[in-house]
2 protein chains.
Amino acid sequence: MQPNPDSEIENESNYTASKYRTPDGAPSDIVIFTITSTERAAGKKALPERDLQVLLIQRKNWPYEGKWALPGGFCGEDESMYDCARRELAEETGVAEVHLEYFNVYSEPKRDPRGWMISHAFFALVHERYLAERKAQDDAADVRLFPVSEALAMELAFDHRVILRDALAKIRENMLATTIAKEFLPAEFTIGELYQVIRTVVPDFAEQNFIRKITSTQSRQGILEEVTDEQGRGKLSNRYSQRAAQLYRFTDYKPRLSIYG
Amino acid sequence: MQPNPDSEIENESNYTASKYRTPDGAPSDIVIFTITSTERAAGKKALPERDLQVLLIQRKNWPYEGKWALPGGFCGEDESMYDCARRELAEETGVAEVHLEYFNVYSEPKRDPRGWMISHAFFALVHERYLAERKAQDDAADVRLFPVSEALAMELAFDHRVILRDALAKIRENMLATTIAKEFLPAEFTIGELYQVIRTVVPDFAEQNFIRKITSTQSRQGILEEVTDEQGRGKLSNRYSQRAAQLYRFTDYKPRLSIYG
DNA sequence: CTAATAGTGTCTTTAAGACATTATCAC
DNA sequence: GTGATAATGTCTTAAAGACACTATTAG
């Protein structure tokens, strides 16, 4: 039986602060993902190289001084965990209006040498356009983007490698099961771009006739719609190709996925 | 900027316990679901009535004395949150080997009048056969099963109504997206039973040709297999029907769900 | 025979899968 | 014309959807 404040308390008047050991902190850690895109050949119209990256900070203090770690910070009594994460994210990247999602708690005893710290892990999906400014203005350079594969091979502080691994698994799942691809895309995008974003996060996603399926009713299930002009003609883009491609946008529709058909 | 122990610490030797406000406790709360089944007519072979129920405890102490609440308890320094939840679940129900899954953190300021409590919510899926003994041996009766719809209409302690609502949404999602239906079924079951369990949790799930779809390759996707005897003949059950029905079991296969086809 | 559930026949519509072919157009 | 991406044609196979029909068997 663990200590339980209830067991010794009869009513409010004799309530005393717990005599039991309490946590030394409730931090949040944030796995900030972005997809960078770099032109493959200058002047040529071709889809860019895309790469899934994660933002890490280099620690200045004990413990794990000098080691790379996930950004994060301690929660205050006057805020929720989500507020805490949003605040830390804003401090780290300067942006607030991005996809931020809680995904797990990390509470193994002794995971933090400073004491009993129960960490709450979030992932954020940030379009590279938001990180561009930030990277420019901060040359202090203990903040950097790493390709996810590289970060996973590093010796990160605390249990942050495990957290990163779990976050990656989660966004892979969500990339196929939800419309989070939109976080990495402009509001209007081509099927080629969408396919590339999905493949960047989930490399083994391979659909032969992707454009065919996404265009048909059942697979798309209403999650996408064609962008049209006032006359109802399709709006096109030739940013990545000579032949202009139809632009699409995500609708608000969230399909319900089922293994039972 | 929030308090951050890091900011005043240079190395291990001068590390001091945080001067900042720390949480007063890290509890876990567990939403224990079960499906009860009651015979509709004695002697007649018919599928039972099934009902989704949740286990609640009646509080004996301040705060919320007399109110119904989710079972749970405080985490110790020497255990993880999951261990804590498993321990509390075992104390409450006497069972350990059940599906127990973490799903969210509840940390709104002032959610607990005793202090700053960051609660970690789990749901457990328990077959009614495990709760039967328990209910028999404990007539002290501040522990009871409630139909979920009824519990949601009650005024529960703390923010437990919100937690229950979220847990219900989560298991509805998971009932269709994963094989958690197995937690409410015997190892071998008929398609009729499976359909009924799904409908008990997700009432608006309606598939006209359910047996047709589940039997075909694509929808089932290998999640189910027919139970056969040594000669490869189908194993049948006539527990719920005059005409014997084929028995199925879940395989270990976890299909990957995708909105992109 | 009846009641209650299990399972099939059959037809129509729709989607999936493969893959070759055509379209566009800056350079 | 070339190169790169976008999109369609066509054929085959498989699944979805509807719904009426047959099967089984304790009581």
Side-chain angles (χ1 to χ4, degrees), chain A residues 37 39-50 188-199 205-224 226-227 233-248 255-261, chain B residues 37 39-50 188-199 205-224 226-227 233-248 255-261:
Chain A
S37 48
E39 280 191 26
R40 272 192 300 172
K44 284 212 169 172
K45 286 206 173 173
L47 286 163
E49 291 266 5
R50 290 182 203 259
E188 302 178 352
F189 52 87
T190 67
I191 299 302
E193 281 178 285
L194 171 60
Y195 187 61
Q196 223 194 2
V197 163
I198 297 172
R199 301 252 323 181
F205 178 83
E207 286 292 339
Q208 320 236 173
N209 285 359
F210 187 66
I211 191 173
R212 225 28 178 316
K213 301 187 72 168
I214 213 64
T215 299
S216 79
T217 30
Q218 163 139 317
S219 297
R220 159 173 59 151
Q221 294 193 276
I223 56 171
L224 293 185
E226 297 184 0
V227 183
R233 287 175 306 221
K235 190 172 164 193
L236 308 176
S237 158
N238 67 338
R239 197 149 87 95
Y240 298 121
S241 61
Q242 311 299 3
R243 175 171 178 177
Q246 174 65 46
L247 287 170
Y248 289 81
R256 171 199 261 182
L257 289 176
S258 168
I259 60 178
Y260 297 113
Chain B
S37 49
E39 279 190 28
R40 273 192 299 171
K44 282 210 171 175
K45 285 208 174 172
L47 286 163
E49 289 268 4
R50 291 183 202 260
E188 303 177 352
F189 51 86
T190 66
I191 298 301
E193 280 178 288
L194 171 60
Y195 188 62
Q196 223 194 3
V197 163
I198 297 173
R199 301 252 324 181
F205 178 83
E207 286 291 339
Q208 322 235 175
N209 286 358
F210 187 66
I211 192 172
R212 227 21 178 318
K213 302 188 73 169
I214 213 65
T215 299
S216 78
T217 29
Q218 163 140 317
S219 298
R220 158 173 61 151
Q221 293 191 278
I223 56 171
L224 292 185
E226 297 185 359
V227 183
R233 286 174 309 221
K235 190 172 163 193
L236 308 176
S237 158
N238 67 338
R239 197 150 86 95
Y240 298 122
S241 60
Q242 310 299 4
R243 175 171 178 178
Q246 174 64 48
L247 287 171
Y248 289 82
R256 171 200 262 183
L257 289 176
S258 167
I259 59 177
Y260 297 113

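Below, chain A is the first sequence line, B the second, and so on; all start at residue 1.
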ask   = Does B/Ser241 have any side chain to side chain donor-acceptor pair (under 3.5 Å) partners at least two apart in sequence or in another chain, and if so, which?
value =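 In terms of side chain to side chain donor-acceptor pair (under 3.5 Å), with neighbours along the sequence ignored, B/Ser241 is linked to no residue.
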Measure [atom1]/[X] against [atom2]/[N] and give the value in whole Å, please.
{"X": "B/Tyr240", "N": "D/dA26", "atom1": "OH", "atom2": "P", "value": "18 Å"}
{"X": "B/Leu194", "N": "C/dG7", "atom1": "CG", "atom2": "C1'", "value": "16 Å"}
{"X": "B/Leu236", "N": "D/dA23", "atom1": "CG", "atom2": "C1'", "value": "13 Å"}
{"X": "B/Glu39", "N": "C/dA4", "atom1": "CD", "atom2": "C1'", "value": "14 Å"}
{"X": "B/Glu193", "N": "C/dA4", "atom1": "CD", "atom2": "P", "value": "18 Å"}
{"X": "A/Lys235", "N": "D/dA6", "atom1": "NZ", "atom2": "P", "value": "17 Å"}
{"X": "B/Tyr248", "N": "C/dT5", "atom1": "OH", "atom2": "C1'", "value": "15 Å"}
{"X": "B/Ile211", "N": "D/dA23", "atom1": "CD1", "atom2": "P", "value": "16 Å"}

inquiry  = Less than 4.5 Å apart, side chain to side chain, heavy atoms only: is that true for A/Tyr195 and A/Ile211?
reply    =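 Side chain of A/Tyr195 against side chain of A/Ile211, heavy atoms only: no contact under 4.5 Å found.
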message = Using the salt bridge (charged side-chain N to carboxylate O under 4.0 Å, His left out) criterion, which residues pair with A/Glu49? Sequence neighbours excluded.
response =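 Per chain and number, A/Glu49 pairs via salt bridge (charged side-chain N to carboxylate O under 4.0 Å, His left out) with no residue.
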A/Arg239: salt bridge (charged side-chain N to carboxylate O under 4.0 Å, His left out) partners, not counting sequence neighbours =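 Checked A/Arg239 against salt bridge (charged side-chain N to carboxylate O under 4.0 Å, His left out); matches are A/Glu193.
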task = Consider the side chain of A/Gln242, meaning its heavy atoms from C-beta on, and name the nucleotide among D/dT25, C/dT24, C/dG17 that approaches it most closely.
result =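 Closest nucleotide to the A/Gln242 side chain: C/dT24.
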request  = Identify whether any heavy atom of A/Leu47 sits under 4.0 Å from a base atom; if not, whether one sits that close to sugar-phosphate; answer base, sugar-phosphate or nothing.
outcome  =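 Here A/Leu47 touches the backbone only, sparing every base.
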key: Residue closer to the 5' end of DNA chain D, A/Arg212 versus A/Ser241 (nearest nucleotide)   =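 Whichever sits nearer the 5' end wins; that is A/Ser241.
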Contact under 4.0 Å: B/Lys213 side-chain N or O vs D/dG17 OP1/OP2 =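 For D/dG17, OP1/OP2 do have a side-chain N/O of B/Lys213 under 4.0 Å.
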key: A/Gln208 vs C/dG17: side-chain N/O to OP1/OP2 distance below 4.0 Å   =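 A/Gln208 to C/dG17 OP1/OP2: no side-chain N or O under 4.0 Å.
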Parallel, tilted or perpendicular, as decided by the 30° and 60° cut-offs, for the rings of A/Phe205 and A/Phe210 =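 It falls in the perpendicular class, over 60°.
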request  = Under the side-chain contact (heavy atoms from CB on, under 4.5 Å) rule, collect the residues that match up with A/Arg243, sequence neighbours excluded.
outcome  =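 Listed in chain order: nothing, the list is empty.
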request  = Report the residues that fulfil side-chain contact (heavy atoms from CB on, under 4.5 Å) with B/Ala244, sequence neighbours left out, ordered by chain and then residue number.
outcome  =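 B/Ala244 satisfies side-chain contact (heavy atoms from CB on, under 4.5 Å) with B/Leu236, B/Asn238 only.
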With the criterion being N/O to N/O and under 3.5 Å, what pairs connect the protein with nucleotides 20-22 of chain C, and how long is each?
none

